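Some notes on the structure that comes next.
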Amino acid sequence: MAIQPSVREAMLRVVPSLRAFAISLCGNVDRADDLVQETLLRAWANIDSFEPGTNMSAWLFTILRNLFRSEYRKRRREVADTDGSYAESMKTQPEQSSRVEFEEFREALAKLPGDQREALILVGASGFSYEEAAMICGCAVGTIKSRVNRARTRLAELLAIESIEDLGPDRELRAVFSGGRS
Amino acid sequence: MQTGFEGQKPRGRLSREVQHKLGESLKGMFDEIVKQGVPDRFARLLQRIDEPAGGGLEGERGAVPPEGVRTEPAVEAERADRRIVGSGDKGSS
């Protein structure tokens, strides 16, 4: 069947952020790109169920998220699959200092539970509203809000711990942060 | 390394400053990937979507509906009428 050029263009426009979502979810560029490809193929196979004029971005993100989840269930993995290919993909980035910062941030992000990570990325980086994120994840808006809050708190803890350990001196503060860590 | 996150409270709500910093880092990381644009492999993939039988995608993968995606029989049937012969995809009886 012929696909409307406008639909194809709409899909193409979503690819960069869809890819960023996939990489953020699984932390492995090759696996993420396979996930994006699988998503585009699924979307294409089911293009009839896409209503023109509705949110192509949310539709593709939903498909990718469900694919990732079902694969994740199969693999029974608890942590993101990181192999350094993400850092490899950052080679083009100009500033060394921010690259290090991104790498640290990415590592902390990978330590979050999957549901918190996806909620945070959808709302905090992909530009979706809480309502859209809830639709994509198939849960209540309140659930998304609480996951985002927990994700932020946990990230702040993780990043603070790293910096305190690097700086060394403040034992008392470190003890405070260490409390309640799993 | 100094990351600037050490000012937050260990329990309860994060300060606005910390939330802002986290948001910036998250967006920065995400946008770095977005800036890479569309890799050739996906541009080619979507290009092939429009090609007639033989170059299409249906032969490679089954048309398995993703979770939560509805199909609409009426629309499906209507589109089938206008479909290019020989595409051999789902839904044609």
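Each chain gets a letter, A, B and so on, in the order its sequence line appears, and its residues count up from 1. Keep in mind the model is a prediction, meaning the values are calculated, not measured.
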Note: vs chain A, highest number of non-hydrogen pairs under 4.5 angstrom among B:Gly23, B:Gly37, B:Ala43 is B:Gly37
So, do A:Leu109 and B:Leu26 sit near enough that their side-chain heavy atoms are less than 4.5 Å apart?
yes
Evaluate the side-chain proximity of B:Phe42 to A:Arg19: yes if any heavy-atom separation is below 4.5 Å, no if none is.
yes
Go through the steps for A:Val29 and B:Ile33 under the test side-chain contact (heavy atoms from CB on, under 4.5 Å), then give the verdict.
CA-CA 10 Å; A:Val29 174; B:Ile33 308 170; over 6 Å; no
What pair of heavy atoms forms the shortest contact from A:Phe21 to B:Phe30, and how long is it?
N-CE1, 3.6 Å
Closest non-hydrogen atom pair between B:Val34 and A:Ala20, with its separation:
CG2-CB, 3.9 Å
Minimum heavy-atom separation for B:Met29 and A:Ser24, please, with both atom names.
CE-OG, 3.5 Å
When rounded to the nearest 0.5 Å, the distance separating CD of A:Gln37 from CG of B:Leu46 is 9.5 Å
Look at the side-chain heavy atoms of Ile, Leu, Val, Met, Phe, Trp and Tyr, link any pair under 4.5 Å apart, and say whether A:Met135 and A:Leu25 land in one connected group.
no
Would you say the side chain of A:Phe105 lies within less than 4.5 Å of the side chain of B:Leu22, judging by non-hydrogen atoms?
yes
Find the distance between CG (A:Leu155) and NZ (B:Lys21) and round it off to the nearest 0.5 Å.
13.0 Å
Counting only heavy atoms closer than 4.5 Å, note whether A:Leu18 contacts chain B via side chain, backbone, both or neither.
neither
Roughly how far, to the nearest 0.5 Å, is the CD atom of B:Gln47 from the CG atom of A:Leu12?
8.5 Å
Return the CD to OG1 distance between B:Gln19 and A:Thr153, rounded to the nearest 0.5 Å.
8.0 Å
Given a strict heavy-atom distance threshold of 4.5 Å, which part of A:Thr39 is in contact with chain B: side chain, backbone, both, or neither?
neither
Can you confirm whether A:Pro16 sits close enough to B:Val38 that some side-chain heavy atom of one is under 4.5 Å from a side-chain heavy atom of the other?
yes
Are B:Ser25 and A:Glu104 close enough that some pair of their side-chain heavy atoms sits under 4.5 Å apart?
no
